[in-house]
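Comments concern the structure below.
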Amino acid sequence: MDLKGRTVLVTGGASGLGGAAVDMVVAAGGRAVMLDLNDEKGRAKASQLGNTTRFVKGDVTAEVDVVNAVETATRDFGQLDGV
């Protein structure tokens, strides 16, 4: 899959299946915004992957947190192409 230049929002992206999805997006040339409750793991993963990722601490069931993640994607990467 070619995701070059694409930005994807991944819920639960700090670890587990979501973390694997973030790794896949980045490996395919994309950028990822991770929305997750685990602040420590989220920050560590974002640090590990560098400028291709952003971490947003939040709960997918809280509208304000999802809006924050979408705004982070558009502000930092100029677009949001998938969730």
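Values reported hereafter were calculated over all heavy atoms of this structure, with side chains retained and with hydrogens, waters and symmetry mates removed. Predicted model, so just to flag it, every value in this text is computed and none were measured.
- Atom CG of N68 sits about 7.5 Å away from atom CZ of R75, to the nearest 0.5 Å.
- Residue E63 qualifies as open at atom CD: its count of foreign heavy atoms under 6.0 Å is 12 or below.
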How far apart are the C-alpha atoms of D65 and V56, what are their side-chain angles, what is the distance that settles it, and do they pass the side-chain contact (heavy atoms from CB on, under 4.5 Å) test?
CA-CA 8 Å; D65 293 344; V56 176; 5.9 Å; no
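- Taking a cutoff of 4.0 Å between a charged side-chain nitrogen and a carboxylate oxygen, D23 and K45 qualify as a salt bridge.
- Cluster membership check: V25 shares its hydrophobic cluster with M1, using side-chain heavy-atom separations under 4.5 Å among Ile, Leu, Val, Met, Phe, Trp and Tyr.
- Checked by atom type, the side-chain pair T52/R31 shows no donor-acceptor distance below 3.5 Å.
- Between T11 and D36, the closest side-chain pair of non-hydrogen atoms is not below 4.5 Å.
- Using a 4.5 Å cut-off on side-chain heavy atoms (C-beta onward), V83 and V8 make no contact.
- No side-chain heavy atom of V33 sits under 4.5 Å from any side-chain heavy atom of T53.
- Atom OG in S15 sits 10.5 Å away from atom CE in M34 (nearest 0.5 Å).
- With hydrophobic clusters built from ILVMFWY side chains whose heavy atoms lie under 4.5 angstrom apart, V60 shares a cluster with L80.
- Put simply, the side chain of F77 reaches to within 4.5 Å of the side chain of R54, judged on heavy atoms.
- Enclosure of atom CD in Q79 by more than 12 non-hydrogen atoms of other residues, nucleotides or ligands within 6.0 angstrom is indicated.
- The CG atom of L35 sits 7.5 Å away from the CG atom of D59 when rounded to the nearest 0.5 Å.
- A single hydrophobic cluster is not seen to contain both V22 and L9; linkage of ILVMFWY side chains at heavy-atom distances under 4.5 Å, directly or through other members, places them apart.
- Note that CG of L3 is 8.5 Å distant from CZ of R6, once rounded to the nearest 0.5 Å.
- With respect to the salt-bridge test (charged N to carboxylate O, under 4.0 angstrom), the residues K57 and D39 do not qualify.
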